Amino acid sequence: MTATTSPTPAPGAPDAPNVLHAPVIAWFDAHARDLPWRRPDAGPWAVMVSEFMLQQTPVNRVLPVYEQWLARWPRPADLAKEPPGEAVRAWGRLGYPRRALRLHGAAVAITERHGGDVPRQHSQLLALPGIGEYTAAAVASFAYGQRHAVLDTNVRRVFARAAAGVQYPPNATTAAERKLARALLPEDEPTAARWAAASMELGALVCTAKNEDCARCPISAQCAWQRAGKPPHQGPARRGQTYAGTDRQVRGKLLAVLREAVAPVPQAVLDRVWDEPVQRARALDGLVADGLVEPLPERLYRLPLS
DNA sequence: GAGGCGTGGCC
DNA sequence: TGGCCAAGCCT
């Protein structure tokens, strides 16, 4: 199903679309979720906020926090005026709270460097804290309708199956994947942006990691993995994310206390979240080093005011 | 490039 | 029941 299987364009005619574009986009038109960041009234800032929150966090958990965030800080400058700790507090239990700090930092940078408007250029987006290759392409594509290869875990899985014929993509994004994604990108901007959203949604709803639903897939007939009989993943399993008993868990417990507190918290109160003193101290030091927690005199701690 | 970084739901 | 998974980024 690679691009080489596309029909040869007639001489003088525009390039024929890849055989995947039309069915995937038609499926998207019929089945896309009505998510707030996809509505017409969602501007670039709303798209950007959603992308930060969706980094490793499921849609259903993002939705309520996203609504509160946009209501409170409708423009980047509104967030930039706040202490970073307020962003961490409002982040709630979305997880990976450094994202909140980075989103705040991005809002400050947008206010200072871009006149308060989310930049349009991929390179300028990439220069903002918390924005990597994926998020820069996603904002440029979804918010500004530009033509970019948007390679997230969903798209990578769809391509791994449809094009490479394997169940899962490699652990880390490869040059071959980027090349394929660029090759599959429709020529014109609006179609490319539509394709990016559609291929992602297909991976999120149908071509899922577990319990994929090939019967509802609009490209199952062209899918190399399906045609090969859906062979299971070969090789080592992906590195698991241990959590219980790790510093991460301790950090989470400490920060949960500080998020709920309206006044600086004595260390003695924080000490109650974890028995083991060495790990507890290491976790707290890590939070301070990351700028997520601000130490005060007399062993008091709070979310950062600066 | 591997490892660190939250949280909660699901099968 | 607990390992796996969820629109990554940074060092």
Side-chain angles (χ1 to χ4, degrees), chain A residues 28 32-33 35-38 46-66 88 91-103 105-106 125-143 148-159 167-175 177 181 196-205 207-212 233 236-259 273-274 279 282-283 285-287 289-293:
Chain A
F28 185 64
R33 291 166 292 181
L35 299 172
W37 44 87
R38 288 179 179 162
V47 171
M48 185 174 140
V49 169
S50 77
E51 289 301 335
F52 268 77
M53 292 182 174
L54 289 164
Q55 291 169 0
Q56 302 280 280
T57 302
V59 166
N60 285 339
R61 211 132 47 81
V62 163
L63 284 168
V65 182
Y66 166 88
V88 174
W91 198 252
R93 306 189 69 80
L94 288 183
Y96 291 146
R98 290 191 290 195
R99 291 181 293 164
L101 226 43
R102 290 169 183 157
L103 181 51
L125 288 163
L126 200 54
L128 297 173
I131 294 193
E133 183 179 340
Y134 161 75
T135 303
V139 172
S141 181
F142 303 153
H148 291 281
V150 181
L151 258 190
D152 80 323
T153 188
N154 290 305
V155 174
R156 295 181 61 222
R157 188 173 52 248
V158 169
F159 289 177
Q167 188 176 22
Y168 295 124
N171 282 333
T173 306
T174 62
E177 288 182 275
S199 52
M200 248 174 87
E201 189 79 336
L202 185 64
L205 297 185
C207 193
T208 47
K210 304 287 183 188
N211 303 317
E212 69 280 354
H233 175 71
R238 285 187 282 188
R239 180 173 52 92
Q241 350 175 45
T242 53
Y243 182 67
T246 62
D247 286 6
R248 261 199 289 184
Q249 185 181 18
V250 185
R251 288 166 57 108
K253 288 177 176 293
L254 290 169
L255 212 51
V257 172
L258 291 165
R259 272 199 310 266
V273 308
W274 199 256
Q279 187 178 28
R282 185 172 64 233
D285 287 349
L287 288 170
D290 288 345
L292 284 163
V293 171

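Labels below follow one simple rule: chain letters A, B, ... track the order of the sequence lines, proteins then strands, and each chain is numbered from 1. All heavy atoms count here, side chains included; hydrogens, waters and symmetry mates do not. Note that this is a predicted model, so its numbers are computed, not measured.
- Regarding A/R99, its CZ atom lies at a distance of 13 Å from the P atom of C/dC10, rounded to whole Å.
- The CD atom of A/E212 sits 14.0 Å away from the CG atom of A/L205 when rounded to the nearest 0.5 Å.
- Annotation: B/dG3 and C/dC4 have their P atoms spaced 16 Å apart (nearest Å).
- One C1' atom belongs to B/dG1, the other to C/dC10, and the distance between them is 12 Å to the nearest Å.
- In this structure, A/A138 reaches neither bases nor backbone, as no heavy-atom distance under 4.0 Å exists between it and the strands shown.
- At a cut-off of 3.5 angstrom, the base of B/dG6 holds at least one donor-acceptor pair with the side chain of A/R248.
- Residue-level contact check: A/L35 touches the bases, meaning some heavy atom is under 4.0 Å from a base atom.
- Heavy atoms of A/T57 sit under 4.0 angstrom from at least one base atom.
- Pairs of residues two or more places apart, or lying in two chains, that qualify as salt bridge (charged side-chain N to carboxylate O under 4.0 Å, His left out) and include a residue from residues 246-255 of chain A are A/D247-A/R282, A/R251-A/D290.
- Remark: A/R259 is in phosphate contact with B/dT7, judged by side-chain N or O atoms under 4.0 Å from OP1 or OP2.
- Distance CG (A/D285) to P (B/dC5): 13 Å, rounded to an integer number of Å.
- A/Q249 comes within 4.0 angstrom of nothing in the nucleic acid, heavy atoms only.
- Closest-nucleotide positions on DNA chain C for A/W37 and A/I131 were compared, and the one nearer the 5' end corresponds to A/W37.
- Checked against C/dA7, B/dC5, C/dC9, the side chain of A/T135 finds its nearest nucleotide in C/dC9.
- Comparing B/dG4, C/dG8, C/dC5 by their nearest atom to the side chain of A/R98 picks out B/dG4.
- Rounded to an integer number of Å, the gap from CG of A/L151 to P of C/dC9 is 11 Å.
- Considering only heavy atoms from C-beta on, A/L202 stays 4.5 Å or farther from A/N154 through its side chain.
- One P atom belongs to C/dC9, the other to B/dG8, and the distance between them is 23 Å to the nearest Å.
- Summary of the strand contacts: A/F142 and A/P129 both lie near DNA chain C, and taking for each the nucleotide with the nearest heavy atom, the more 5' one is attributed to A/F142.
- Atom P of nucleotide C/dT11 and atom CZ of A/R102 are separated by 7 Å, given to the nearest angstrom.
- DNA chain B is contacted by both A/A172 and A/R251; A/A172 maps to the nucleotide lying nearer its 5′ end (nearest heavy atom per residue).
- Taking 4.5 Å as the limit, some side-chain heavy atom of A/L292 sits within range of a side-chain heavy atom of A/L101.
- Panel note: side chain A/Y168, backbone A/A209; a donor-acceptor pair is recorded below 3.5 Å.
- Distance OH (A/Y96) to P (C/dT11): 16 Å, rounded to an integer number of Å.
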For nucleotides 8-11 of chain B, print each protein N/O atom paired with a nucleotide N/O atom at under 3.5 Å, atom names and distance only.
from  : atom 1 : to    : atom 2 : distance (Å)
B/dG8 : OP1    : A/R93 : NE     : 2.3
B/dG8 : OP2    : A/R93 : NH2    : 3.2

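- A distance of about 22 Å separates the P atoms of B/dG4 and C/dA7, rounded to the whole Å.
- Checked against C/dC4, C/dG8, C/dA7, the side chain of A/Q56 finds its nearest nucleotide in C/dG8.
- Scored by the side-chain hydrogen bond (donor to acceptor under 3.5 Å, both in side chains) test, A/W37 finds no partners at all (sequence neighbours excluded).
- Residue A/M48 contributes atom CE, which lies 16 Å from atom P of C/dG8 at whole-angstrom precision.
- Atom CG of A/L287 is separated from atom P of B/dG6 by 7 Å (rounded to the nearest Å).
- Contacts of A/V59 with the nucleic acid, taken as non-hydrogen atoms under 4.0 Å apart, include base atoms.
- Checking side-chain atoms of A/E51 against main-chain N and O of A/I131 turns up no donor-acceptor pair under 3.5 Å.
- The phosphate of C/dA6 (OP1 or OP2) has a side-chain N or O of A/R157 nearer than 4.0 angstrom.
- Side-chain atoms of A/Y134 and A/Q55 form no donor-acceptor pair, as typed in the model, at a separation below 3.5 Å.
- If you take OH of A/Y243 and P of B/dG3, they are 20 Å apart, rounded to a whole angstrom.
- Side-chain atoms of A/R99 come within 3.5 Å of backbone N or O of A/M53 as a donor-acceptor pair.
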